[in-house]
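Before any comments, here is the structure.
Both ligands and their constituent atoms are indexed starting at 1 by order of listing. Just so you know, these numbers use all the heavy atoms, side chains as well, and skip hydrogens, waters and symmetry mates. Each residue takes its place number in the sequence, starting with 1.
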Amino acid sequence: MTDALRPVDITEDQLDDVLRVRARSFGPLPASAREEWRKDAVEFLEDGRYVGVAAGDEVVAAARIWDFQQWWGGRQVPMAGIASVVVSPEHRGRGVGSMLMRGVLQRSIERGFPLTALYPATTVIYRKLGYEFGGGRYRFSFDTADLRSLGGKEVRIRRAGPADAGRLLELVAQAHESGRANGVLGWPEAKVAEWLGDDDMFAYLADDGFVVYNWHDQDLRVEELIALSDTTARALWSTVGSGSSTARKVHAYISPNDPVHLLAQREADKETHVQHWMLRLLDAPAAVAARGFAPGVTAEVDLEFDDPEVPAHSGRWHLSVADGSGKLTPSERTGDVLRLGSRGISALYAGTPLAALRGSGLASGGSAGDDGVLDTAFGGTPAYMLDFF
Ligand SMILES: CC(C)(COP(=O)(O)OP(=O)(O)OC[C@H]1O[C@@H](n2cnc3c(N)ncnc32)[C@H](O)[C@@H]1OP(=O)(O)O)[C@@H](O)C(=O)NCCC(=O)NCCS
């Protein structure tokens with residue numbers, strides 16, 4: 001008889017089990033990387049953010065929960081980033097992954113995260129638990145020579161290092177607040193300083209912008225570029241473009257709405273790459289209260305949610321949006337209102353238009369007028385991330 005399966009918190013002495021399952025899920029980790037992996041793992045388990053499923057004493061499934069901030073409507077919202085989801089092959093297809101993910105959702109709710117997101121290797125298991133596509137990690141490619149000629153030579157830039165982490169974060173906040181960014185992750189200053197201390201990252205700072213880039217094979221890769229003026233955008237992109245004698249292409253993780261699309265003469269469009277991530281609301285009233293909305297937008301809409309995994313969501317709600325903020329409160333109203341399941345709520349929050357939600361069966365009821373109001377309230381700049389986790 002097999003041992004009963006039960007959810008567990010991963011402990012340090014179970015990390016060999018996790019490594020064994022991980023090797024069977026993502027391929028073996030080179031011996032040189034194992035120490036680093038273990039060090040990272042300990043950070044998660046010491047904070048109660050490494051959960052698993054055990055059969056007897058043996059761990060047969062595990063997942064990590066990153067403690068992230070995510071920008072929505074120009075404000076940061078705490079988000080549980082789920083990563084390294086693994087189930088041992090002999091236990092797959094028997095509900096163990098779902099049991100693991102229910103433990104992940106439960107822990108994330110206990111920890112007060114209103115949102116959770118992940119990069120899915122398969123969508124099936126996550127959709128069943130209420131996740132839906134929220135946005136993408138976009139990588140666009142440019143001819144290096146094209147960027148070189150963008151100008152901005154009058155802008156003074158200097159090399160940046162770990163001591164500039166605070167200034168970089170101020171610039172990020174200014175850009176994302178004024179641009180009402182959606183989806184992109186917010187990092188703590190210590191992590192940014194660590195990143196800037198990496199000798200393989202080349203960071204340059206102007207008064208109102210910065211770029212961090214590196215080599216990727218024979219090409220250059222922009223990890224992040226923030227510019228609060230067009231002259232600084234020109235200066236930073238042409239700094240990267242100054243590598244045109246040795247690097248043919250620049251690959252850039254940026255928003256699909258980044259101004260460089262409007263500045264560069266040519267974009268290597270056949271090389272655009274997008275990796276979709278999924279979002280799920282864990283506490284809808286908190287998620288709505290924490291995010292921003294465009295100033296000038298007002299909404300008064302009744303909704304009905306059905307969310308078997310988070311029963312507190314199920315029922316009728318009233319959404320009010322005014323002066324850049326929103327509120328979701330229980331509603332007593334009867335009659336026909338827009339009905340959404342957990343996938344529908346999550347996709348709507350991420351800016352998916354009602355036409356797409358209705359077209360895929362994720363929304364029903366309500367009125368065309370409410371659809372227009374909700375599209376305006378939740379729509380905006382497409383949700384994107386720069387980082388994979
Ligand atoms: C993906 C993984 C975690 C799923 O674990 P599992 O224990 O098999 O999941 P469950 O048995 O709870 O399956 C839940 C649902 O997802 C479906 N599912 C699971 N794996 C799937 C796959 N690879 N492709 C399509 N559907 C899949 C199941 O069929 C089930 O749906 P059903 O009830 O309609 O049959 C597991 O296969 C695994 O560890 N894979 C390798 C690593 C990996 O890809 N991790 C995910 C990283 S995001």
Cut-off 3.5 Å, no hydrogens considered: what does the side-chain donor-acceptor table look like for residues 131-139, sequence neighbours left out?
residue	atom	partner	partner atom	Å
Tyr131	OH	Thr116	OG1	2.7
Glu132	OE1	Arg127	NE	2.8
Glu132	OE1	Arg343	NE	2.7
Glu132	OE1	Arg343	NH2	2.8
Glu132	OE2	Arg127	NE	3.3
Glu132	OE2	Arg127	NH2	3.0
Arg137	NE	Leu386	O	3.0
Arg137	NH2	Leu386	O	3.3

**Study point:** Arg111 and Asp47 ion-paired at < 4.0 Å
**Key:** yes
- Query: Between Arg94 and ligand 1, is there a nitrogen or oxygen pair with a distance under 3.5 Å?
  - Reply: yes
Just distances here: any N/O of Val124 and N/O of ligand 1 closer than 3.5 Å?
-> no
Judging by distance only, is a nitrogen or oxygen of Val87 under 3.5 angstrom from one on ligand 1?
yes
Taking only non-hydrogen atoms of Tyr126 and a 4.0 Å limit, the atoms of ligand 1 in range are 46 (C), 47 (C), 48 (S)
CG (Asp283) and OG (Ser108) are apart, to the nearest 0.5 Å, by 12.0 Å
Margin query: Any salt bridge linking Arg167 with Asp164? Criterion: basic side-chain nitrogen under 4.0 Å from a carboxylate oxygen.
Written below: no
When distances are taken from atom 4 (C) of ligand 1, the protein heavy atom at minimum range is Ile125 CD1, 4.1 Å
Give yes if a backbone or side-chain nitrogen or oxygen of Gly93 is under 3.5 Å from a nitrogen or oxygen of ligand 1, and no if not. yes
Sorted by chain and residue number, the salt bridge (charged side-chain N to carboxylate O under 4.0 Å, His left out) partners of Arg358 (sequence neighbours excluded) come out as Asp371
Practice task
Using distance alone, decide if ligand 1 has a nitrogen or oxygen within less than 3.5 Å of any nitrogen or oxygen in Pro120.
Solution key: no
Would you kindly say whether Arg234 and Ser149 are connected by a side-chain donor-acceptor distance under 3.5 Å? no
Note: ligand 1 atoms sitting under 4.0 Å from heavy atoms of Tyr119 are 48 (S)
Checklist line | Distance flag for atom 46 (C) of ligand 1, protein heavy atom under 4.0 Å | finding: yes
* Neighbour count above 12 (heavy atom, 6.0 Å) for Asp198 CG -> yes
Discussion item. Strictly less than 4.0 Å: does any protein heavy-atom distance to atom 29 (O) of ligand 1 fall in that range?
Written reply: no
Applying salt bridge (Lys or Arg N to Asp or Glu O under 4.0 Å), run through Asp143 and Arg148 and close with a yes or a no. CA-CA 9 Å; Asp143 288 342; Arg148 178 179 170 271; over 6 Å; no
Quick check on atom 42 (C) of ligand 1 - does any protein heavy atom sit closer than 4.0 Å to it? yes
Among non-hydrogen protein atoms, atom 44 (O) of ligand 1 lies closest to Ala121 CB, 3.5 Å
Is the NZ or CZ atom of Arg291 positioned over Tyr349's six-membered ring, under 6.0 angstrom from the centre and within 45° of the axis?
-> yes
### Query
Does some side-chain heavy atom of Gln218 sit less than 4.5 Å from a side-chain heavy atom of Arg248?
no
*Going by distance only, is there an N or O of Ser98 that falls short of 3.5 Å from an N or O of ligand 1?*
yes
For Val86, the ligand 1 atoms with a heavy-atom partner under 4.0 Å come out as 39 (O)
Taking only non-hydrogen atoms of Gly95 and a 4.0 Å limit, the atoms of ligand 1 in range are 10 (P), 11 (O), 12 (O)
Please confirm whether Phe26 comes within less than 3.5 Å of ligand 1 when only nitrogen or oxygen atoms on both sides are compared. no
So His261 and Phe142, would you call those rings parallel, tilted or perpendicular, with 30° and 60° as cut-offs?
tilted
Among non-hydrogen protein atoms, atom 35 (O) of ligand 1 lies closest to Lys128 NZ, 4.9 Å
